[in-house]
Amino acid sequence: MQRIRVVDALSGKSEVGAEVEVAGWVRTRRDSKAGISFVHVHDGSCFAPLQAVAGQGLANYESEVLKLSAGCAVRVRGTLVASQGKGQSVELQATAIEVVGWVDDPETYPIQPKKHSLEYLREVAHLRPRTNTLGAIARVRHCLAQAVHRFFHERGFFWIHTPIITASDCEGAGEMFRVSTLDLANPPRTQEGKIDFSQDFFGREAHLTVSGQLNVEAYCLALSQVYTFGPTFRAENSNTRRHLAEFWMIEPEIAFASLDDDITLAEAFLKYIFRALLDERADDMAFFAQHVDKECVSRLERFVQTPFARMTYTEAIDRLEKSKERFEFPVRWGMDLQSEHERFLAEKLVGGPVAVTNYPREIKAFYMRLDEGERTVSAMDVLAPGIGEIIGGSQREERLDVLDRRLESLGLPKEDYWWYRDLRRYGTVPHAGFGLGFERAIQYATGVDNIRDVIPFPRAPRQADF
RNA sequence: UCCAUCGUAGCUCAAUGGUAGAGCGCCCGGCUGUUAACCGGUGUGUUGCAGGUUCGAUCCCUGCCGAUGGAGCCA
């Protein structure tokens, strides 16, 4: 007998009349006193469960089938038939139901057949993928990840595996987690009494990466079109619904390219992955539209067919100043855009994603290219409604003398950046790239409020269970 | 890290300065090719932790821990 997935049964890949076996977990059981039970079996292969119809003729009907509760693991053998009931077109007329694993106490099984809050489900992160919502998120996450790789692969980009552990001091994107094998209780000391990291594993201080960008730039200046897609780590004490200590980031980098090329790439990229999501996970997206965020499907549909709005930072400030909106933080040229400003631009002024470009150099990183006049840099942020900044990118400073001046004015030691500077000494070219927080993209696509619910096992301050 | 709110049954919540109740879930019964089923019934709690005020605290106060939302930082 052929073992099939639930999705094969429901999509028609396995035809009515076929003798098949389905294995999965019980969602619900409903009994009819006429002597049949309806057991919904879910195996995660798609959003919907398969209804198995069990008659009292089954050998274990009284002894086992009538005791099935949510979460029990079963193997069901039978015939795929057209359903006599509403709600599904196909069901499995069972000839045998084998209980593979019981739930030992249905009353305290954490995933009861009722609504649960996402906050509660976080406390049972090992079982929450069995719920509709978390299962759908897992499939959406996979779909988007596959689309990311497909997009770049189809365009001739190479996936570069940049390091997780870095001894580079120069990433400068936030607080870092230390990586060390020294004895914390009794570390070796230098003569000045400081911890002697020369005796540590790497012979120097090491941390978990906060970004693969500087490394991927090196490969960009050899392979032309590259990207990273992997975990990154921030030890910032951020307690918000948009931050994690461990998250996945996508960072493409393109050579012989301008900021304009960068924005064009970002737009094509986001549209591609969201198009894929709409095409491939309609079942899960319909669920999100129904139970999580009514707008999520229509928002994505609009997203994929509307050109990004573009405006310079200076223009954005001007529009903010001219708006009648009252802001907590007063608007003036030179300040960083606050959450309220980003939201206003994306949600009220534009009503969709907007790329804001050419920010004041004082509020942006050293590696971003100085514009004419040197007041601004070739940076861009893509702001999306409900999320704020979803992408941050820039054209990189490819002129060694200008880069050195910026390092100097920021008090950053040139020697720490020796290899990064080498890239400007040997065959430098204009290049650009951006970073996308993968979880932010999932939040935007599904409307799930808290970022801790779009990653399987979230890591945040005081939260590393499971 | 800052501000606000919150922490009571398996889950979601209510309640009063005099030791707690509902809905859902579980279980039992009824009914039904059922499908967030429906109808009826039973049980359930050291009211986050540690102190303090009080004759008496779940309710008031202090500290701690944790959660949620917002801010900052950022992706």
Side-chain angles (χ1 to χ4, degrees), chain A residues 27-41 48-55 66-67 69-71 81-88 91 93 103-124 127 131-132 172-175 210-213 231-251 290-291 328-329 336-340 342-343 363-365 381-384 387-393 434-444 449-455 460-463 465:
Chain A
R27 276 290 174 79
T28 61
R29 189 199 84 231
R30 281 177 295 275
D31 306 319
S32 160
K33 276 295 178 287
I36 43 178
S37 292
F38 301 93
V39 181
H40 281 190
V41 178
L50 178 63
Q51 174 161 281
V53 183
L66 284 180
K67 292 176 181 158
S69 61
V81 297
S83 178
Q84 298 169 37
K86 294 171 188 157
Q88 62 281 316
E91 63 192 17
Q93 186 66 50
V103 164
D104 72 2
D105 179 7
E107 169 145 24
T108 56
Y109 176 55
I111 310 297
Q112 295 169 354
K114 54 162 287 183
K115 275 187 182 169
H116 290 291
S117 66
L118 290 168
E119 292 81 17
Y120 167 71
L121 291 174
R122 258 170 247 155
E123 296 169 13
V124 286
L127 297 171
T131 63
N132 280 334
E175 292 296 307
V210 294
S211 162
Q213 182 199 314
T232 50
F233 307 87
R234 303 277 168 93
E236 242 119 55
N237 192 8
S238 299
N239 295 286
T240 82
R241 61 185 183 84
R242 302 186 312 281
H243 291 85
L244 288 167
E246 177 182 287
F247 64 99
W248 288 59
M249 193 147 63
I250 297 148
E251 297 172 290
Q290 200 176 353
H291 292 285
E328 187 187 340
F329 294 86
D336 209 351
L337 295 180
Q338 303 294 316
S339 295
E340 57 176 345
E342 294 184 345
R343 273 203 308 276
I363 59 173
K364 287 293 180 182
D381 285 350
V382 177
L383 311 178
I387 297 279
E389 183 185 337
I390 188 170
I391 275 182
F434 63 82
L436 168 74
F438 188 47
E439 286 75 18
R440 295 252 176 108
I442 300 171
Q443 279 186 281
Y444 180 73
D449 277 331
N450 196 308
I451 198 168
R452 295 171 197 204
D453 299 321
V454 298
I455 190 167
R462 296 177 303 280
Q463 189 173 74
D465 300 324

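Chain letters run A, B, ... following the sequence lines, proteins first and then strands; every chain starts at 1. What you are looking at is a predicted structure, and each value in this text was computed from that prediction instead of being measured.
Within the 4.0 Å cut-off from OP1 or OP2 of B:U12, at least one side-chain nitrogen or oxygen of A:S117 is found. An OP1 or OP2 oxygen of B:U68 is reached within less than 4.0 angstrom by a side-chain nitrogen or oxygen of A:R122. Using a 4.0 Å cut-off, some side-chain N or O of A:R462 falls inside it from OP1 or OP2 of B:G66. Side-chain nitrogen and oxygen atoms of A:R30 include at least one within less than 4.0 Å of the OP1 or OP2 phosphate oxygen of B:A37. For A:N239, no side-chain nitrogen or oxygen approaches OP1 or OP2 of B:G70 to under 4.0 Å. When the side-chain nitrogen and oxygen atoms of A:Q112 are compared with OP1 and OP2 of B:C24, none of them lie within a distance under 4.0 Å. Contact between the side-chain N/O atoms of A:R343 and the OP1/OP2 oxygens of B:A71 is found at a separation under 4.0 Å. At the phosphate of B:G72, OP1 or OP2 sits under 4.0 Å from a side-chain N or O atom of A:S339. Applying the 4.0 Å criterion to OP1 and OP2 of B:U68, one finds that A:R452 has a side-chain N or O inside that range. At least one side-chain nitrogen or oxygen of A:R242 sits closer than 4.0 Å to the OP1 or OP2 atom of B:A71.
When rounded to the nearest whole Å, the span between CD1 of A:I451 and C1' of B:G70 equals 16 Å.
Across all strands shown, B:G7 forms a Watson-Crick or G-U wobble pair with B:C65, both key distances being under 3.5 Å. In this structure B:C31 sits in no base pair that meets the Watson-Crick or G-U test at under 3.5 Å. For B:A14, there is no paired base (Watson-Crick or G-U wobble, both distances below 3.5 Å). B:A20: no Watson-Crick or G-U partner with both key distances under 3.5 Å is found in any strand. Checking B:C60 for Watson-Crick or G-U wobble geometry (two distances, each under 3.5 Å) identifies B:G52 as its partner. Both distances falling under 3.5 Å, in either a Watson-Crick or a G-U wobble arrangement, place B:C2 opposite B:G70.
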TODO: Take A:L121 and A:I111 through the side chain to side chain contact (heavy atoms under 4.5 Å, CB included) test and state the conclusion after the steps.
DONE: CA-CA 8 Å; A:L121 291 174; A:I111 310 297; 3.7 Å; yes
- [ ] Could you please spell out the steps behind the side chain to side chain contact (heavy atoms under 4.5 Å, CB included) verdict for A:Q443 and A:I390?
- [x] CA-CA 10 Å; A:Q443 279 186 281; A:I390 188 170; over 6 Å; no
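Residue A:T240 is in base contact, counting any heavy-atom pair closer than 4.0 Å across all strands shown. At the heavy-atom level, A:Q88 lies under 4.0 Å from base atoms of the strands shown. A:I390 comes within contact range of the sugar-phosphate backbone alone, with a heavy-atom separation under 4.0 Å but no base atom that close. Residue A:E119 is in sugar-phosphate contact alone, with no base atom involved, counting any heavy-atom pair closer than 4.0 Å across all strands shown. Across all strands, A:Q443 comes closer than 4.0 Å to no nucleic acid atom at all (heavy-atom distances). Nucleic acid contact class of A:Q338 (heavy atoms, under 4.0 Å, all strands): sugar-phosphate only. Note on A:Y120: only backbone sugar-phosphate atoms sit closer than 4.0 angstrom, heavy atoms only; bases stay farther off.
Contact of A:H243 with B:C74 (side chain to base): a donor-acceptor pair of N or O atoms is detected under 3.5 Å. The base of B:U1 does not come close enough to the side chain of A:E236 for any donor and acceptor atom to sit less than 3.5 Å apart. A donor-acceptor contact under 3.5 Å is not formed by the side chain of A:E123 with the base of B:G66. In the interface, the side chain of A:S238 is paired with the base of B:C73 through a donor and an acceptor atom under 3.5 Å apart.
Checked against B:G10, B:U34, B:A37, the side chain of A:T108 finds its nearest nucleotide in B:G10. Distances were taken from every side-chain heavy atom of A:N450 (C-beta onward) to each of B:U68, B:G33, B:C74; the shortest belongs to B:U68. In the set B:U34, B:C74, B:A71, B:A71 carries the atom at the smallest distance from any side-chain atom of A:F329.
The heavy-atom pair separating A:F247 from A:E439 by the smallest distance is CB-OE1, 3.4 Å. Closest approach of A:E251 to A:G435, counting heavy atoms only: CG-CA, 3.9 Å.
Nearest-nucleotide assignment on RNA chain B puts the 5′-proximal partner with A:P110, out of A:P113 and A:P110. Two residues, A:G85 and A:Y109, neighbour RNA chain B, and the one matched to the more 5' nucleotide by heavy-atom proximity is A:Y109.
Considering NZ of A:K67 and OG of A:S37, their distance stands at 13.0 Å, rounded to 0.5 Å. Taken to the nearest 0.5 Å, the CZ atom of A:R122 stands 6.5 Å off from the CZ atom of A:R452. Rounded to the nearest 0.5 Å, atoms NE2 (A:H40) and CD (A:E91) are 8.5 Å apart.
The gap from the C1' atom of B:C38 to that of B:U5 amounts to 39 Å, rounded to the nearest Å.
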